[in-house]
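Below is one structure; the comments refer to it alone.
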Amino acid sequence: QVQLVESGGGLVQAGGSLRLSCVGSGIVFRLNAMGWYRQPPGKQRDLVASMSAIGSTNYPDSVKGRFTISRDNAKNTMYLQMNNLKPEDTAVYYCHPIGEVYWGQGTQVTVSS
């Protein structure tokens with residue numbers, strides 16, 4: 001049974017930073033392409049960072065240079081470092097093995113102006 005548990009969200013002022021974590025069980029992150037997604041209130045869920053099994057990363061322009069995805073293979077944990085946060089980054093953030101059906105409960109990030 002696959003479980004994904006995200007944590008690290010919270011309330012932060014614009015310009016601040018947060019680091020999100022995602023611990024997995026029943027799945028080995030280093031063998032999968034992994035993504036961080038976010039879903040603002042009333043909007044669709046979008047990909048904000050991805051990492052292939054070999055470690056290559058990709059970001060949309062909206063977060064490029066501010067967000068960094070990383071992986072700790074020993075801990076089977078994904079991270080999303082978010083710097084220079086903006087109010088438009090407010091959303092529930094999820095980690096997700098790309099192409100699979102598994103989702104965690106997400107972690108709320110709220111950025112105040």
Side-chain angles (χ1 to χ4, degrees):
Q1 183 179 358
V2 174
Q3 287 190 317
L4 303 166
V5 180
E6 300 94 343
S7 63
L11 174 63
V12 65
Q13 288 189 331
S17 298
L18 285 173
R19 189 177 80 153
L20 307 183
S21 300
C22 172
V23 179
S25 58
I27 184 170
V28 179
F29 286 163
R30 64 179 172 81
L31 300 181
N32 289 270
M34 293 295 300
W36 281 97
Y37 293 73
R38 68 184 180 190
Q39 187 167 20
K43 296 185 178 181
Q44 68 181 20
R45 193 173 297 183
D46 290 326
L47 179 67
V48 295
S50 63
M51 176 179 279
S52 71
I54 63 170
S56 58
T57 60
N58 199 26
Y59 307 90
D61 289 343
S62 58
V63 306
K64 194 172 292 183
R66 299 190 298 121
F67 289 12
T68 303
I69 187 173
S70 60
R71 182 179 69 205
D72 185 327
N73 294 335
K75 296 181 179 179
N76 204 38
T77 300
M78 300 296 300
Y79 300 100
L80 185 67
Q81 177 68 43
M82 305 186 296
N83 299 327
N84 189 22
L85 283 161
K86 304 176 181 181
E88 52 263 43
D89 295 320
T90 294
V92 180
Y93 284 73
Y94 304 85
C95 73
H96 172 67
I98 295 171
E100 300 289 344
V101 300
Y102 313 109
W103 293 90
Q105 84 290 346
T107 186
Q108 175 70 48
V109 172
T110 302
V111 185
S112 63
S113 56

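Sequential numbering from 1 along the given sequence is applied to the chain's residues. The shown structure was predicted, so the numbers you read here are calculated from the model rather than taken from an experiment.
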For S62 against R38, the heavy-atom pair lying closest together: OG-NH2, 4.1 Å
Smallest separation among heavy atoms of S113 and P87, with atom names: CB-CG, 3.8 Å
Expected output: side-chain T57 to main-chain M51 donor-acceptor under 3.5 Å: no
Residues, nucleotides or ligands: over 12 heavy atoms within 6.0 Å of I54 CD1: no
Heavy-atom closest pair, residues P97 and L4: CD-CD1, 3.7 Å
Point-to-point distance, once rounded to the nearest 0.5 Å, from CG of N84 to CZ of F67: 9.5 Å
N/O donor-acceptor pair under 3.5 Å between R45 side chain and V92 backbone: no
Note: K86-D89 ion pair, threshold 4.0 Å (strictly below): no
Exam field: side chain Q105 to backbone V5, donor-acceptor pair closer than 3.5 Å: no
M82 CE to I69 CD1 distance, which is reported to the nearest 0.5 Å: 12.0 Å
Y37-W103 aromatic ring centre distance below 6.0 Å: yes
Inter-residue atom distance M78.CE - S50.OG, 0.5 Å rounding: 9.0 Å
For L85 against R66, the heavy-atom pair lying closest together: CA-NH1, 3.8 Å
V48 reachable from Y59 in the ILVMFWY side-chain graph, under 4.5 Å edges: yes
Cluster link L20 to V111, ILVMFWY, side chain under 4.5 Å: yes
I98 side, atom CD1; M34 side, atom CE - distance, nearest 0.5 Å: 8.0 Å
Interatomic spacing from CZ in F29 to CG in N76 - rounded to 0.5 Å: 5.0 Å
ILVMFWY cluster, L11 and L80 together (side-chain gap under 4.5 Å): no
Test item: E6 side-chain N/O and C95 main-chain N/O as donor-acceptor pair under 3.5 Å: yes
W36 CH2 to C22 SG distance, which is reported to the nearest 0.5 Å: 5.0 Å
Heavy atoms from other residues, nucleotides or ligands near NZ of K64 exceed 12 (cutoff 6.0 Å): yes
Heavy-atom closest pair, residues G35 and L47: CA-CD1, 3.9 Å
